[in-house]
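Within every chain, numbering begins at 1; the chains are lettered A, B, ... in the order of the sequence lines, protein sequences first and strands thereafter. What you see is a predicted model, and the numbers here were worked out from it, not measured in a lab.
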Amino acid sequence: MAKKARKKLSLLDTLVWIIGIVVYLFLILPILVIVFSAFSPSEYPEFPPTGFSLKWFTAVFGNPQWLDSLWISVILLIIVTPLTVILGTMASYSLARLNFRGKELIQSLILSPLMIPQVVLGIGLLYLFTMMGINGSIIALVVGHMIVCFPYVVRTVSVSVSNLNPVLEKASMNLGATPMQTFYKVTIPLIKPGILAGAVFSAVTSFGEISISLFVSAPSTVSVPVRTFGYIDQTFDPTINAISVIFIIISVFALVIIEKTIGLSKVM
Amino acid sequence: MKGIKIDHVSRIFNDNVALADVSLDVKEGEFFSLLGPSGCGKSTLLNIIAGFLEPTDGLVYIGGNNVTDLLPYRRNIGMVFQNYALFPHLTVFENVAYGLKIKKLPRKEIEERVTEALSLVQLSSFAKRRPHQLSGGQQQRVAIARALAIQPSILLLDEPLSNLDAKLRKEMQFELRNIQQRVGITTVLVTHDQEEALSISDRIGILGKGHLQQVGSPLEVYRRPANRFVAEFIGQVNLFEAVAKKDETGIYEALDYQTDENTTLNLDVGNLVIEQKQEKVLLMLRPERIHISKTLVEQRLNSAKVKLQEASYIGNALRLKVVMNKGELSINTPDLMFETLPNIGDEFYVYWDAKDLIPLEEGE
Amino acid sequence: MRKTKKEKQQVFQWLLLIPTVLFFCVFLVLPFVLLIVLSFRDIDSMQNLLDTYSFSHYIEVFTSDIYIDAILSTLGLAAVTTVLCIVFAYPAAYLLVRAPSRRLRALFYILLVSPLLTSVVIRTFAWIVLLAQNGLINDILLKLHIISEPLSLLWNMKAVVIAYVQVMLPFAVLPIATSLSETNPNLRNASMSLGAGRIQSFLKVTLPLTIPGIISGAMIVFSLAAGSYITALLVGGRMQPIFPLSIYQQVMQVFNLPLAAAMSISLVFIVLIFVGILGLILKRWEARMHG
């Protein structure tokens, strides 16, 4: 009788575990599907696979349009990431240290792009950039991407800053360092993991950004996600599979970097 | 009211032996403490009694019934946790009523029992507060009331006072004992604080390295420790590793204590009969049993000339550390002994009674 | 007078903050204000902007059946997505927190974060590959002779919900996991020692204590689901009554910017109301627990 009760307990445990694992499989399913179909020779992937082929990859790299888009995406990432990381780090640090009325307002303003409907962000920026006469330019895209990347950087850096003991900074200033020197020599080195994780998030987010880009790009500034969107929207094009695999490889790199520097569990 | 019987219980965590073959009887209505350093297995044993852990081997009886395979919520055990573990989303009243609601008692009875339990811990006027509005001591009382409200057959206390400051802890020790006496419930307390265990318990079980080292009254475990582990864990102690001198009954030679280049310290253990085979023996001497004299003591055994190495004043007593060539001795002496604090390097004489030298087992 | 050390430090910290605040004022607050102004501007029949202002666009939004229908079904979509995300997130968060080894926990984290690091377009594309007429699921079902005709799984609300849940699930798992890991395990033990079984203890102790995590997760998922349009467009098709999608079409196909602005502002406020209510509940609950 009593032994039975113990059994029931582990049955409950098993059930929870099975459901949980199914959920995780559901999360990873799309990525598995993409990888599976990118190497499939037929237009539509078949199960079981009928063969192995790299023709979709050669199709991507033989197409000048895709190469142009890749170039645009990389340039954006290279400009957006450092700018967002520098501004975001400065802001998270001072928000952690300063106390003033309206601080919460500024905090929620910086984090709001996560929650504001993307379509609204897109239209707002489209309208503003048109008035400024810069819509469709690289600058427009950079600004749009920065808005979207900001919350990720501020979140990861804030975690690092909140783990930093302010006494260390006081000690540095007592030893004669100016606030600027202290920031460079004490604060920055100690919150470096958070900054790095923020940079990775920012780069990956920028590379995959579409919701705002769709509104503010011109035919000459089509990033990879926007072109991908165009292809999917028009027809079913299996080269997209190959593009997707490139994206996935980049995310895997990002994951590895984050895990090695700060640990995934700490970032989130 | 029920007793507890632990019958050859072992617990192994991934090849680490947390508890090795522990057998123990807690009598009905007794206040029993499990005392030991951290990692000694005392919490493991408590969790096995509560049912949160299963023993790898052995049986647990409560009130004569084998409960080894019973789930925790079928054991009717009251438990007070280290951080009180009050439910933060419930009021004091709801916390205390929790177990009664689970039992689906009629509302009126629940109210009566909660009121009774809260008045037992003198918190009747706090029923509507939430845990975060209470002080540490008050939270502690709520936890006790909650555990007792279900009228458990036994009460388990897992380091219940470790989060309180020293003064409050003393008060709560007294109160805990008081409540236990009034309710008359069999109680097991887990603690690493020897003073707490000594002052509060009927009996103490000392755990070390997964083994039950000794069970006895506070007086017994302090005055007659079963082995080196217990002697060293409870209170301060001077230990002599000594060798019996075969020709003289009850006379030992302390191995590490040379008073000068060629004289060794001779110890007289009184009536102790030396077994010829057992040559080496471990002897214990409590620091407060050592007397000090400024003049030569007319006593050939159990006395020595010493030099002061360290002295600290703790109000009602002086704590001294003295050396005799190779060996060190700790001494606690009433502060009346000295008009002013002695100087480091002062020389004087120490002596003690034969009955205060206690032979010990090496132990496991 | 010389500034004290503390004042100096504060000036420095303000200097660090100002560029970001300016950036957000110009590129987030300003466009929003411009949109509000634009949403009141009248247009002529050729969609040229006039210099007069009125509520006409808002009246159109809240009186036309199409838009009301779209708003309601968007809220329904967001609500269903939120509930499903929370329900599925709970066991996933439980596994994450209770994972017996660090390696397994790291694996769970990777599975959880990898969708966040993959572009929305790509994840949505994967669902097309899976759900299309000649997609993987139909292919497998046909070959197993479970069905004789391919099912139409794509271009409907169900497909949108499935894709949304997959895209937004991590945002629900992470706060719940944080909440779970912050609850004192002794509370569960205390509940059991008081006679409550595992399920009872979960319902009466663990679940209430993780309500903050559930609500923060719900806030994020709800606002994401109510505001996304890319996934909805690609998986659900252009005909779904989804409000953000209508806004997108208003801008890109009808070119009626003032109406799109009015729709956008309405959407923001509707989302704000729902998220605000959730936030209020969260605040009250936390005040109850921690004062």
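- Across A:Leu121, A:Leu214, A:Ile21, A:Ile116, the residue that shares the most heavy-atom pairs under 4.5 angstrom with chain C is A:Leu214.
- Between chain C and the options A:Gly144, A:Gly88, A:Ser244, A:Pro113, the largest number of non-hydrogen pairs under 4.5 Å is found for A:Ser244.
- The residue among A:Tyr93, A:Tyr127, A:Phe247 with the most heavy atom pairs within less than 4.5 Å of chain C is A:Tyr127.
- Proximity to chain C is absent for every atom of A:Asn99, based on heavy atoms less than 4.5 angstrom apart.
- Classification of the C:Phe88-A:Phe26 ring pair by plane angle, with boundaries at 30° and 60°, yields tilted.
- The side-chain heavy atoms of A:Phe207 and C:Ser119, taken from C-beta on, include no pair separated by under 4.5 Å.
- For the options A:Ile243, A:Ile106, A:Leu125, heavy-atom pairs under 4.5 Å to chain C are most numerous at A:Leu125.
- You'll find the side chain of A:Leu114 stays beyond 4.5 Å of the side chain of C:Ile220, heavy atoms only.
- Across A:Met146, A:Met90, A:Lys170, the residue that shares the most heavy-atom pairs under 4.5 angstrom with chain C is A:Met90.
- For the pair C:Val120/A:Ser211, no side-chain contact is recorded, criterion being any heavy-atom separation below 4.5 Å from C-beta on.
- Side-chain contact check for C:Leu267 versus A:Val119: some heavy-atom pair is nearer than 4.5 Å.
- Within 6.0 Å of atom CD1 in A:Ile139, 12 or fewer heavy atoms from other residues, nucleotides or ligands are found, so the atom counts as exposed in its surroundings.
- Side-chain contact check for C:Leu130 versus A:Leu29: some heavy-atom pair is nearer than 4.5 Å.
- Interface remark: C:Val33 contributes no atoms to any contact with chain A (heavy atom separation under 4.5 Å).
- Neither the backbone nor the side chain of A:Thr178 comes within contact range of chain C; no heavy atom of the residue lies under 4.5 Å from a heavy atom of that chain.
- The candidate from A:Tyr152, A:Phe129, A:Phe215 with the greatest count of non-hydrogen atom pairs under 4.5 Å with chain C is A:Phe215.
- Taking 4.5 Å as the limit, every side-chain heavy atom of A:Thr228 sits out of range of all side-chain heavy atoms of C:Phe125.
- Between A:Ile123 and C:Tyr248 there is no side-chain heavy-atom pair separated by less than 4.5 Å.
- Between A:Phe100 and C:Leu17 the shortest side-chain heavy-atom distance falls below 4.5 Å.
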